[in-house]
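Read the structure below first, then the notes.
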Amino acid sequence: MPCSVPPPLSADQISVLIDGTATPEEHTHLSQCPYCSERLAQARALEQRLVTTLKRWDCPSTQQLGEYHLGVLSAVEERVVRRHLEECALCKAEVEELRQFLATAPDEQEQPQMILVPKTRPHTFGEVIARLIPQRSSLALRGSSREPIVAEADGTTVIVEIERTPNEQIVIVGQIAADEQDGWTGALVEVRQADLLMATARVDDLGGWQCGPLPIAPSTLRITPKEGNSIILPALILAS
Amino acid sequence: MATASLSIDGLAQRCAEETKKWNDRQGSDPQFCFELLRRALAKGMAEAFTHVYQIYEPQVIRWVQGHSRFALTGENADFFAGAALRTFYFAMQGPKFARFAGVPQVLAYLKMCVHTAIMQYLRDQHPVDVTPLEDVHELGETPDLLARTDAAELWAHICHLLPDPHDRNLARCIFLLDLKPRQIVSAYPLQWSNEREVTVATYRIRHLLRNNAELCRWASDI
Ligand SMILES: [Zn+2]
Ligand SMILES: [Zn+2]
């Protein structure tokens with residue numbers, strides 16, 4: 001298929017069309033010419049493929065940039081980030097924003113504007129809601145009158161037992177079992193009641209942890225490993 | 001009073017009082033908070049961290065609300081406060097705590113975690129790779145570059161095609177930073193004096209890349 005309105009757009013003109021800096025004449029040509037439109041589409045496909053693969057692939061994480069700014073990176077990491085900042089305008093801008101943010105005293109803060117943005121939560125802030133697995137009474141843990149709660153998320157099993165203390169409080173005892181057990185050592189357990197943080201615990205190297213004593217109330221658990229998704233156990237309803 | 005002899009509950013009570021004084025702009029004594037933070041982070045005592053979380057969470061939420069990009073996320077302030085406190089918890093564990101001289105330095109780190117939580121969220125909200133690598137490998141008969149495609153190798157290949165550092169810099173602006181000519185001129189005024197210069201150089205780079213058979217195969221096969 002030849003160009004409908006010859007001469008065909010040059011490679012240079014295709015390039016400015018990709019950049020969005022083309023003239024009205026070039027746009028008119030495009031609207032009248034399927035051949036050149038197809039050439040532009042192909043050029044754009046390569047461009048988009050390159051951008052989606054390469055975008056910020058070698059940028060340090062925001063946390064590394066922050067530690068760089070505060071001067072708490074090791075000498076080697078510091079050098080790598082400094083060199084990166086010499087050539088990356090986006091990271092440089094992020095560090096500058098951080099500098100301004102840290103320099104702002106609380107009462108100089110602008111009131112937050114209310115802009116409603118459609119929410120598409122990115123995967124790295126992932127949290128998985130655990131699925132409760134129904135248990136038969138015979139599986140109750142030793143020494144407990146109550147059945148343990150067993151939940152599963154992403155191949156990790158969480159077993160929780162709620163023990164009542166003599167003075168009408170509860171202690172939550174938990175165990176994590178995963179293929180990558182080491183990844184859970186040192187994980188942070190948070191217990192919330194009515195959205196308030198009531199207790200935290202550290203998962204030990206055998207996957208065990210314990211929180212409490214706490215008031216008797218529906219409790220939500222969040223277990224976060226150093227790397228990876230948090231597991232959430234939504235309000236464990238405590239039967240009387 | 002020697003802070004080392006105080007219980008965690010005793011420290012937490014004093015730290016909460018001193019934090020309130022500090023917020024009310026009265027003179028405050030940071031030693032109780034510092035010892036509480038030390039036990040929570042350097043010593044990894046969960047009970048101390050619970051108090052740290054409870055005492056500082058309101059401040060962290062105010063920081064989130066005051067961040068210039070918070071409104072762009074559409075999330076609740078609690079969401080980022082939690083994320084920042086968790087990052088803080090893991091980042092400050094153990095010997096690293098010794099690098100911080102006092103409460104202001106530790107809190108600057110916590111405030112930094114607020115910034116990084118929001119910025120990382122916004123970075124991740126525009127997912128950059130639409131084709132998971134697994135899918136790429138499934139394509140079977142793939143040319144060399146495609147079979148081992150990942151950003152580092154692709155970028156090395158492009159650098160090989162663009163030996164001139166000036167061209168490489170521009171390619172970085174276009175493909176890694178996704179900047180338009182106008183943004184490139186304003187971000188790198190020493191290298192570029194006007195948009196036309198950028199456009200002409202960009203054209204040359206695109207021409208070089210489009211005529212590379214390996215790259216074209218890679219782009220059309222996906
Ligand atoms: Zn045409
Ligand atoms: Zn960067």
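Per chain, numbering begins at 1; letters A, B, ... match sequence-line order.
- Between A:D12 and B:R204 no salt bridge is recorded (no basic side-chain N to carboxylate O distance below 4.0 Å).
- For A:A11, the parts lying near chain B are the backbone and the side chain together; criterion is any non-hydrogen pair under 4.5 Å.
- The part of A:T21 that comes within reach of chain B is its side chain, from C-beta onward, which places non-hydrogen atoms under 4.5 angstrom from that chain.
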Test log, rule salt bridge (charged side-chain N to carboxylate O under 4.0 Å, His left out), inputs A:R192 and B:D78:
CA-CA 13 Å; A:R192 283 189 172 71; B:D78 303 16; over 6 Å; no
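- For the atom pair OG1 (A:T52) and CZ (B:F175), the distance works out to 11.5 Å, reported to the nearest 0.5 Å.
- Contact annotation for B:I158: only side-chain heavy atoms (C-beta onward) come within less than 4.5 Å of a heavy atom of chain A.
- Using a 4.5 Å cut-off between heavy atoms, A:Q42 does not touch chain B at all.
- Residue contact with chain A, scored on non-hydrogen atoms closer than 4.5 Å, involves the side chain of B:R196 exclusively.
- Proximity to chain A is limited to the side chain of B:Y89, based on heavy atoms less than 4.5 angstrom apart.
- Interface residue A:L70: only side-chain heavy atoms are found under 4.5 Å from chain B.
- Interface remark: B:A77 contributes no atoms to any contact with chain A (heavy atom separation under 4.5 Å).
- For the atom pair B:L154 CG and A:T53 OG1, the distance stands at 6.0 Å (nearest 0.5 Å).
- Ion pairing of A:E67 with B:R99 is absent here, as no side-chain N (NZ or NE/NH1/NH2) approaches a carboxylate O to less than 4.0 Å.
- The contact between A:C91 and chain B is made entirely by side chain atoms (from C-beta outward), counting heavy-atom distances below 4.5 Å.
- Proximity to chain B is absent for every atom of A:R99, based on heavy atoms less than 4.5 angstrom apart.
- Of the atoms belonging to B:R69, it is side-chain heavy atoms, and not backbone ones, that fall under 4.5 Å from chain A.
- Contact annotation for B:E195: only side-chain heavy atoms (C-beta onward) come within less than 4.5 Å of a heavy atom of chain A.
- Separating the OG1 atom in B:T87 from the CD atom in A:Q63 is a distance of 5.5 Å, to the nearest 0.5 Å.
- Heavy-atom distances place the side chain of B:Y188, and not its backbone, under 4.5 Å from chain A.
- Only the side chain of B:R206 comes within less than 4.5 Å of a heavy atom of chain A; its backbone N, CA, C and O stay farther away.
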